[in-house]
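Below is one structure, written out as C-alpha cells; comments come after it.
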Amino acid sequence: MYKAPRGTFDILPQEHPYWKYVEEKAASLCQLYGYQPLSTPIFEDAQVFTKTVAGGTDIVDKEMYIFQDKSGQELALRAEGTAPVCRAYVEHGLFNLPQPVKLYYIGPAFRYERPQSGRYRQHHQFGFEALGEADPALDAEVVEMARHFFSSLGLSQFIIQLNSIGCRLCRPGYLELLKQNYSGYADRLCPDCKVRLVKNPLRLLDCKKASCQEMTGAAPKITDYLCHECQLHFQSVQKYLGLMRILFELNPRLVRGLDYYTRTVFEVEPRENGGQTALGGGGRYDNLIEELGGKPTPAVGFATGLERIILNLKKQRLDIPALPGPDVFIAYLEGEAKTEAMKLASDLRKAGIGVIMATGDKSLRAQMRQADSLEIAYALILGEQEIRKRNVMLRDMRSGEQKTVPCAEIAGFLKQPKV
RNA sequence: GUGAGCGUAGCCCAGCGGUUAAGGCGCCAGGUUGUGGCCCUGGAGAUCGUGGGUUCAAAUCCCACCGUUCACCCCA
C-alpha cells in the first residue's frame, strides 16, 4: 500500500477547519497592516537558498531537496520563505515602488529532516516581510504583528524573545572575541560545539548542554559589542515595543538559525514547551537582497509554521469554527420520485441553496440517518403523494417538525433568514 | 545524523508462547406499510507494520528493515 512520503501528511477534511481558521486570520492580519500577498514557485534556482541561507547551517548543508531538471539546472524545493520573496523583489523591480514594500506568503517549505511532532519534511509557513526600509519602527511593527497574530488566534501563552546580533561592521570583531573566549577550553566543549567553534561560532551561544552553558554564561554578550549604529537601532526597537506595550524578554543568547540575519532577531515560543518549541521567528536581514544581486536594501520579516500553530490550538482546546456545508438534504422514495428529486436539487442549487442529494436507492430510513449524520438543517422528502400534488415534505431536522410545501415555494422558503 | 519507546480492522484498544484474535467508536442492513437522533438485533471489515529466525507451536520471544513518537540535533 502506498503511503504519503515520510515526514509529509494528508490534511483530511476534519483537519481543514484548523487550516482555514489560521489562513483567514493570517490574511486579515496582513490586510490590517497593509501587507500584500505574494506567491512564489515551490522550487527555485538552488542558489537562491545556498547563497543566502549560507553554509554552516544544517538547512543548506544537509536538509535541502536539491535536484537537477532535465536541462541539468540545479533546482531546490523551497527551503524557507524569505529568500524567494527577496528574489521576486529584485526580479520584478519592486524597489521602484514606494518603500517599504510589504508582502506576505503562505505556502509549503521542504527540509529533509527526521520527522517528529511539529517537525516535518513538508511544512507550511506563513511569513511577512517589509522590504526597503531600515527604520527600527518597522522592526517593532513586525514584532507587534507577530504578537497580534498569535493573540488573534487565541494563543495567549507565548513569550517573545529579542536580541540584536549586530551587522557586518561589528559582528566579525565580536565573533573573534567569542572564538578566543572559547578556544581556551575547546576540549571541554561538546562535540557539536567543537564544530560550531570553527563553522558558526554564534551558535555556541544557544547550545543546550549544561556543560556548554556554563561557558556561555561567562562568554561576552554580543549586545555589549554592538557598533554605535546597531546599539541605537536596538534601543529604538525596544523603546517602540515598550510604547506599544509589547512584552518581550531580552535574550543575549538568542541566535537565529539562518545566517542572513542582522541586528534585530526575535523568536516566539509557547510558555509551556517540550518538543519543537519555536512557534515562529524573524528579524532583520539588511544584506540578503544585495546577496541576491539587488542593490543594498534593508528589510525585516517574520515567519511561523502552521503545523505548530495548529498543534498549539489543539493543546489549548480552542473552539474552531466548522466549515459551512449545505443546509438541505433531499430524500426520495421509489418510482419517479428520484428524477423529481434531481430536478429539485438542481433548481435549488441554481437558486443558491446548498443541497446534498441522496443517492443509491436506500430506504427512506437510511436516507434520514444519512441526513442526521450530516448535521443538516432541513430534509426534503419526495414521494408519490408529494409529486402528485406538486409538493415537497419539508422536515426541520433540529425540531423534528415537518410540513408540506408547494414545490414552487420551497426555494423562497429556504432562502428566508434562519431564526 | 545519534539515542530510546511504540506498531493488533477506518479510529481507540484487549490479548503478551498453545485451539475460530476480544471489545468500543464508526460503517452497512433490519427492528411494521414513507422518516433521523436513543435503544435493540444482525453483518462486513485484521496477510496481528514487513521480512527473516527460535520453537512441536508465535500477535506474543529474537534480529533486520520500514513507519511512528520522544529526546538530541536543527528549526517553523
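We name chains A, B, ... by the order of the sequence lines, and we start the count at 1 in each one.
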Legend entry - Option from A/Val48, A/Leu94, A/Ile289, A/Thr52 for which side chain to side chain contact (heavy atoms under 4.5 Å, CB included) with A/Cys86 holds: A/Ile289

Inset, instruction - Write down the distance between NE2 (A/His123) and C1' (B/rC74), rounded to a whole number of angstrom. - result: 12 Å

Inset, instruction - Could you state the atom-to-atom distance from CG of A/Leu153 to C1' of B/rA76 in whole Å? - result: 14 Å

Inset, instruction - Go through B/rU68, B/rA76, B/rG37 for me and flag the one nearest to the A/Arg6 side chain. - result: B/rU68

Inset, instruction - Pick base, sugar-phosphate or nothing for A/Gly360, based on heavy-atom distances below 4.0 Å to the nucleic acid. - result: nothing

Legend entry - Within 6.0 angstrom of A/Asp69 CG, more than 12 heavy atoms from elsewhere: yes

Legend entry - Nucleotide nearest A/Ala366 when distance is taken to its side chain, options B/rU69, B/rA29, B/rA76: B/rA29

Inset, instruction - Classify the side chain of A/Arg114 versus the base of B/rU2 as yes if they form a donor-acceptor pair under 3.5 Å and no if they do not. - result: yes

Inset, instruction - Assess whether atom CD of A/Glu375 is packed by more than 12 heavy atoms of other residues, nucleotides or ligands within 6.0 Å. - result: no

Inset, instruction - Determine the contact category for A/Phe126: base if any of its heavy atoms lies under 4.0 Å from a base atom, sugar-phosphate if only primed atoms, P, OP1 or OP2 are that close, otherwise nothing. - result: nothing

Which atoms of nucleotides 33-35 of chain B (N or O only) lie under 3.5 Å from a protein N or O atom, and what are those distances?
{"from": "B/rG34", "atom 1": "N7", "to": "A/Gln385", "atom 2": "NE2", "distance (Å)": "3.4"}
{"from": "B/rG34", "atom 1": "O6", "to": "A/Gln385", "atom 2": "N", "distance (Å)": "3.1"}
{"from": "B/rG34", "atom 1": "O6", "to": "A/Gln385", "atom 2": "OE1", "distance (Å)": "3.2"}
{"from": "B/rG34", "atom 1": "O6", "to": "A/Gln385", "atom 2": "NE2", "distance (Å)": "2.8"}
{"from": "B/rG34", "atom 1": "N1", "to": "A/Glu386", "atom 2": "OE1", "distance (Å)": "2.9"}
{"from": "B/rG34", "atom 1": "N1", "to": "A/Glu386", "atom 2": "OE2", "distance (Å)": "3.1"}
{"from": "B/rG34", "atom 1": "N2", "to": "A/Glu386", "atom 2": "OE2", "distance (Å)": "3.1"}
{"from": "B/rU35", "atom 1": "O2", "to": "A/Gln402", "atom 2": "OE1", "distance (Å)": "3.4"}
{"from": "B/rU35", "atom 1": "N3", "to": "A/Gln402", "atom 2": "OE1", "distance (Å)": "2.9"}
{"from": "B/rU35", "atom 1": "N3", "to": "A/Gln402", "atom 2": "NE2", "distance (Å)": "3.0"}
{"from": "B/rU35", "atom 1": "O4", "to": "A/Gln402", "atom 2": "NE2", "distance (Å)": "2.5"}

Legend entry - Nucleotide B/rC40, atom P - distance to CZ of A/Arg369 in whole Å: 13 Å

Legend entry - Backbone of A/Tyr332 reached by a side-chain donor or acceptor of A/Gln367 within 3.5 Å: yes

Inset, instruction - Quickly work out the A/Gln116 CD to B/rC6 C1' distance and round it to whole Å. - result: 15 Å

Inset, instruction - Using a heavy-atom cut-off of under 4.0 Å over every strand shown, decide if A/Gly400 touches base, sugar-phosphate, or nothing. - result: base

Legend entry - Contiguous pairing runs of three or more, Watson-Crick or G-U under 3.5 Å, that involve RNA chain B: B:1-7 with B:66-72, B:10-12 with B:23-25, B:27-31 with B:39-43, B:49-53 with B:61-65

Inset, instruction - Could you tell me if the ring centre of A/Tyr112 sits under 6.0 Å from that of A/Phe110? - result: no

Legend entry - Euclidean distance, atom CZ of residue A/Phe158 to atom P of B/rA76 [Å, nearest integer]: 17 Å

Inset, instruction - Just grab all the side-chain hydrogen bond (donor to acceptor under 3.5 Å, both in side chains) pairs involving residues 7-22 of chain A, residues at least two apart or on different chains. - result: A/Glu15-A/Lys314

Legend entry - Separation of atom CZ in A/Arg121 from atom P in B/rA76, rounded to whole Å: 18 Å

Legend entry - Residue pairs fulfilling salt bridge (charged side-chain N to carboxylate O under 4.0 Å, His left out) with at least one residue in residues 381-399 of chain A, sequence neighbours excluded: none

Inset, instruction - Flag as yes if A/His124 stacks onto the base of B/rA76 (centroids under 5.5 Å, planes under 30°), otherwise no. - result: no

Legend entry - Expected output: side-chain A/Arg78 to main-chain A/Ala109 donor-acceptor under 3.5 Å: no

Inset, instruction - Pick the P atom in B/rC65 and in B/rG5, then give their distance to the nearest Å. - result: 15 Å

Inset, instruction - Give the rounded distance in Å between these two atoms: CD1 of A/Ile309 and P of B/rA76. - result: 13 Å

Legend entry - Any residue meeting ring pair (Phe, Tyr, Trp, His ring centres under 6.0 Å) with A/Tyr120, in chain and number order, not counting sequence neighbours: A/Phe9

Legend entry - Heavy-atom donor-acceptor pair, A/Arg196 side-chain to B/rC73 base, under 3.5 Å: no

Inset, instruction - Please find out if less than 6.0 Å separates the ring center of A/Phe266 from that of A/Phe302. - result: yes

Inset, instruction - Starting at atom OH of A/Tyr120, determine the distance to atom C1' of B/rG67, rounded to an integer number of angstrom. - result: 14 Å

Inset, instruction - Go through the side-chain N and O atoms of A/Glu129 and A/Tyr285 and say whether any donor and acceptor fall under 3.5 Å apart. - result: yes

Legend entry - Side-chain donor/acceptor contact of A/Glu267 with base of B/rA76 under 3.5 Å: no

Between protein and nucleic acid, restricted to nucleotides 44-50 of chain B and to nitrogen or oxygen atoms under 3.5 Å apart, what atom pairs and distances do you find?
none

